[in-house]
Amino acid sequence: MSELASPVTTAEASPAPDGVADPRLREPAHHVAPEAIRYWAVKSLIGAVVQWLVVTGVYVFVIPDDWKIWAGPIAVTLVAISVVELAVVPQWRYRVHRWEVTDTAVYTRSGWLNREQRIAPLSRVQTVDSTRGPLMRAFHLASITVTTASAAGPITIDCLNFDVARRVVADLTEITGRTEGDAT
Amino acid sequence: MSEWPRSQPDEAPPAHEPHMPPPSGQAYDLPPPPVEAINEWQRLTPRNLLLYPVRTLGQLLVPLAIAFFGFGRDDSGSFMLGPETFVVIAAVAGALGVIPWLTTYYRLTETQIQVRRGLLNRKLLTAPLGRVRSVDLESKLMHRVLRLSKVSIGTGVDSTKIDLDALSVDQAGQLYDYLMARKRQLSDAGSSSDSTSTAGEQAGSSRQAGTAPVDDADAPDVELARIDWSWLRYAPFSLASLVVVAGIGAVAGQFMGEIDVTVQASSAQELYDWFTGQALLILALLTAVAVLIGWLLLSTLTYIISWWNLRLTRMGEGTLRLKRGLLTTNSTSVEEAKIRGVSMTEPALLRLVKGAELFTLSTGVGDGGQTKVLPPCPRAVAVRVGHEVLEEQGALTISLRRHGPAARRRCYIRGFWATLVPTVGIIVPTWWFDWPWWVPLLVFAVWLAGSLPLAEMEYRTLGHGQTQACVVSRHGALGRSREVLERAGVIGWVIQQSFFQRRVRLATLVATTAAGSESVSIRDIPLDDAVALAASTTPEAVGEFLDEGVRSRSRTTDASPIPHGG
């Protein structure tokens with residue numbers, strides 16, 4: 001096996017004759033719902049507010065006065081980082097998070113600094129769940145989790161428009177229902 | 001509970017022939033069902049009446065002892081709890097021990113095995129015979145004295161097993177034969193309607209197709225491995241026994257600390273000093289030798305006890321059967337179609353002497369899905385047996401593709417960070433206790449000198465590969481392990497990229513599976529390799545997400561194949 005190219009090739013993945021083609025994964029076809037940006041923003045705002053309160057509290061009540069010369073800048077930096085994060089990360093996430101469901105597989109991409117792409121063939125799907133937290137409901141969003149027989153393999157499509165999610169769940173249930181066997 | 005006919009075992013058993021389905025397909029002899037026959041609720045063997053009370057007493061021993069010594073004596077000096085109290089308690093325990101036997105019934109129907117148990121909370125466990133994935137027989141020492149055997153039946157992907165504790169050895173053997181024969185019969189009947197096969201499955205599981213009754217009905221049992229006592233030389237190199245001996249060594253160290261080696265001052269002070277020094281040295285040497293001998297004895301003994309009479313057999317009905325044990329005998333049978341791969345590990349010490357251990361990765365067997373099928377043994381044996389189990393040559397011997405300079409850099413960077421942690425850890429006490437300034441530097445230098453070779457070894461071990469039917473991953477530094485997963489066992493992919501991995505186009509590729517530890521990951525694999533590997537392993541899942549427009553440069557990395565072996 002000096003070449004990675006497998007002896008088992010298929011129509012989709014057949015390499016060029018000289019074997020120099022590197023197949024690349026394309027992006028999943030769909031963005032998540034645009035409301036997700038505001039949802040993520042609000043969600044991290046809640047966390048950020050708590051963080052600000054803690055930082056302010058510690059700065060005012062805990063830190064002795066003669067430490068405040070260097071503690072002040074640290075506190076300000078912490079708050080500034082979380083403000084920037086609040087402004088940038090939801091947008092960033094929205095650009096990264098994508099999903100696609102075909103007749104044969106689910107494919108998602110998520111993360112912002114660290115990224116993760118997940119693929120699972122539908123023939124191996126065991127359950128399809130959708131969840132809507134209270135905050136998600138406010139933005140008319142839902143998440144879908146597709147599980148396989150592996151504990152390492154659940155695929156979550158975050159923050160779909162609720163109506164889209166319902167349709168996807170229906171489709172997925174219908175497709176996976178066609179498969180028999182225990183999908184292991 | 002009316003739906004369970006509570007017939008007693010002493011009722012006349014109905015003739016079982018009418019219940020059996022007419023033989024279909026290839027004619028072969030169905031083993032007779034267990035004597036007590038079909039559709040009949042039966043109790044476990046009465047010999048359990050000897051087993052249970054003893055066991056209950058054993059469980060009660062500690063609480064009883066605590067009660068005894070805890071209550072202690074009263075003012076008059078006699079025990080508050082007299083011996084008669086304990087006789088009563090023992091009698092009650094014995095009576096309680098009978099209850100499981102009175103309340104446990106099992107029965108076989110044509111399609112199911114059912115177990116009913118419980119006095120107040122009744123529980124009915126049912127397993128379709130066609131879904132039986134593994135049958136384990138286990139006899140602990142007590143069991144063996146009474147000629148009993150505990151039967152555990154594993155089904156599906158669920159990790160819980162149905163336990164029958166215990167049947168007589170003969171009954172257990174009959175039950176085993178019946179379950180195996182019936183399972184194959186039923187799954188053959190169902191296989192025509194089984195449409196799970198995807199492209200990968202077809203490619204990866206020609207064996208599953210091969211379990212057609214015509215092919216396998218008369219397939220003889222093939223012995224894949226049996227214990228070879230020359231393997232005993234590998235026993236001391238197993239790290240597990242090292243841990244035990246280290247514990248013993250620590251205890252020995254305690255004793256040594258307590259031995260008083262101070263000698264009273266006298267006129268021949270110097271002579272005594274010299275002698276004392278020698279005595280300490282000799283004592284240390286003796287301890288070392290004792291630990292070494294203890295280690296040898298203990299590891300060899302453990303090896304003999306657990307792997308006595310090891311026999312790994314491929315049974316005619318498409319199962320793999322592992323038998324072993326000196327005091328506690330074990331027999332584990334796993335359906336071969338559910339074995340999704342093997343894992344060959346070479347722990348640090350064992351690797352030095354070219355030994356290896358072998359595990360199978362399978363679904364529906366519980367215990368983390370890994371079954372150790374070979375103890376420390378010559379690497380060549382592990383490779384041969386592994387290939388036999390996979391029914392494919394090469395997966396354990398092919399040279400693997402390395403992950404290139406970026407991956408090597410990451411190994412070194414990890415080693416460097418691992419060095420910084422203890423260094424910083426030593427800086428604080430240095431500053432605090434005014435140790436000399438070079439102490440942290442020394443720690444840094446020594447640690448770095450140790451971790452750099454490790455990083456190189458880690459890189460050289462890291463690799464991935466592919467055969468017709470399998471994906472191969474190898475990792476480790478001092479010890480190493482090679483995991484082989486059948487393509488049919490891959491049920492999804494995860495490509496993880498941390499920020500730093502993205503900068504150098506590396507990824508961590510995780511093949512998810514229902515077998516073994518549920519995932520096989522390949523760290524720091526070049527992204528293009530990861531996609532190519534995933535695409536060629538499960539084209540039906542990954543193929544349609546490939547970007548056909550992009551034709552990238554040819555690989556320029558030094559991803560040279562690792563020289564043969566490993």
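Sequence lines set the chain letters: A, B, ... in the order given, protein chains first and strands last, and positions in each chain run from 1. Source: prediction; values computed, not measured. Side-chain atoms are counted along with the backbone in the values below, which use heavy atoms only and exclude waters and symmetry mates.
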If every non-hydrogen atom of [X] is compared with every non-hydrogen atom of [Y], which pair is closest and at what distance?
| X | Y | value |
| --- | --- | --- |
| Ser498(B) | Asn114(A) | CA-OD1, 3.2 Å |
| Glu518(B) | Ala152(A) | O-CB, 3.6 Å |
| Ala105(A) | Ala541(B) | CB-O, 3.6 Å |

How many angstroms lie between [atom1] in [X] and [atom2] in [Y], if you round to the nearest 0.5 Å?
| X | Y | atom1 | atom2 | result |
| --- | --- | --- | --- | --- |
| Tyr107(A) | Trp493(B) | OH | CH2 | 14.0 Å |
| Glu116(A) | Thr508(B) | CD | OG1 | 10.0 Å |
| Phe545(B) | Glu27(A) | CZ | CD | 13.0 Å |
| Arg124(A) | Thr538(B) | CZ | OG1 | 9.0 Å |
| Phe500(B) | Leu113(A) | CZ | CG | 8.5 Å |

message = Do Arg118(A) and Val494(B) make a side-chain contact, defined as non-hydrogen atoms from C-beta onward lying under 4.5 Å apart?
response = yes
key: Side-chain (Ser150(A)) to main-chain (Thr513(B)) donor-acceptor, under 3.5 angstrom   = yes
message = Arg115(A) vs Arg502(B), test: side-chain contact (heavy atoms from CB on, under 4.5 Å). Steps then yes/no.
response = CA-CA 8 Å; Arg115(A) 292 198 187 160; Arg502(B) 278 204 293 144; 3.0 Å; yes
inquiry  = Would Thr102(A) and Glu544(B) count as a side chain to side chain donor-acceptor pair (under 3.5 Å) here? Give the steps.
reply    = CA-CA 9 Å; Thr102(A) 68; Glu544(B) 59 187 321; 2.8 Å; yes
Heavy-atom pairs under 4.5 Å with chain B, option from Arg109(A), Glu100(A), Arg26(A) with the top count = Arg26(A)
task = Identify the residue among Asp528(B), Ile495(B), Asp547(B) that makes a side chain to side chain contact (heavy atoms under 4.5 Å, CB included) with Leu25(A).
result = Ile495(B)
